[in-house]
Amino acid sequence: KDSSLKAEVVFEGLTSPTSFAFVSPNDILVLEKDKGTVQRIVNGKILAEPLLDVNVANDANRGMLGIAISKGKEINSTNIFLYFTEAPLDKFPIGNRV
């Protein structure tokens, strides 16, 4: 009930987005669960190619599932952590990975 808050669409057209994280206020990383991709949206525009494309098992609760960003104290010191279910093409899952 905070009148200063508002909802705003930043981007449309992603397939099964599961998680996102801000690199900076206008730079967002978005995970697509079933595709196993990490998409980057900068100033409301998606990059032509995904930053990362991983073979994932995507049934039930599997796929590209989680992201966290840790910014270090030094300039340009940023770590990005992903959580996904790895699988070879058209094979059973190998396991969950971070």
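As the structure is a prediction and not an experimental result, all values here were calculated from the model. The first residue in the sequence is number 1, and the count goes up from there. Heavy atoms only: backbone and side chains are in, while hydrogens, waters and symmetry mates are out.
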Evaluate side-chain contact (heavy atoms from CB on, under 4.5 Å) for Phe84 paired with Asn96, printing each intermediate quantity in order. CA-CA 6 Å; Phe84 61 94; Asn96 293 324; over 6 Å; no
State, yes or no, whether a side-chain contact exists between Ile46 and Phe11 at a heavy-atom distance under 4.5 Å.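 Yes, their side chains come closer than 4.5 Å.
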Any chain of hydrophobic side-chain contacts (each under 4.5 Å) joining [X] to [Y]?
X: Ile80; Y: Leu47; result: yes
X: Leu51; Y: Ile67; result: yes
X: Leu52; Y: Val42; result: yes

Check whether Thr85 reaches the backbone of Asn58 with its side chain - one donor and one acceptor, N or O, closer than 3.5 Å.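 No, the answer is negative, given that no donor and acceptor are paired below the 3.5 Å cut-off.
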Minimum-distance pair of heavy atoms, taken over all atoms of Pro93 and Ala87: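 Heavy atoms of Pro93 and Ala87 come nearest at CA-CB, 3.8 Å.
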Salt bridge (charged side-chain N to carboxylate O under 4.0 Å, His left out) with Asp59: which residues, sequence neighbours excluded?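 Asp59: salt bridge (charged side-chain N to carboxylate O under 4.0 Å, His left out) contacts with Arg62.
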Return the set of residues passing salt bridge (charged side-chain N to carboxylate O under 4.0 Å, His left out) with Asp34 (not counting sequence neighbours), or none when no residue passes.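 Result, salt bridge (charged side-chain N to carboxylate O under 4.0 Å, His left out) vs Asp34: none returned.
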If you count heavy atoms of other groups shown closer than 6.0 angstrom to CG of Asn79, is the number above 12?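 Yes, the 6.0 Å shell around CG holds more than 12 heavy atoms from other groups.
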Can I get a per-line list of side-chain donor-acceptor pairs under 3.5 Å for residues 19-32, giving both atom names and the distance, sequence neighbours left out?
| residue | atom | partner | partner atom | Å |
| --- | --- | --- | --- | --- |
| Ser19 | OG | Leu65 | O | 2.8 |
| Asp27 | OD1 | Arg40 | NE | 2.8 |
| Asp27 | OD2 | Arg40 | NE | 3.3 |
| Asp27 | OD2 | Arg40 | NH2 | 2.4 |
| Glu32 | OE1 | Thr37 | OG1 | 2.7 |
| Glu32 | OE1 | Gln39 | NE2 | 3.0 |
| Glu32 | OE2 | Thr15 | N | 2.7 |

Val54 and Met64: side-chain contact (heavy atoms from CB on, under 4.5 Å), yes or no, with the steps? CA-CA 8 Å; Val54 178; Met64 182 65 73; 4.0 Å; yes
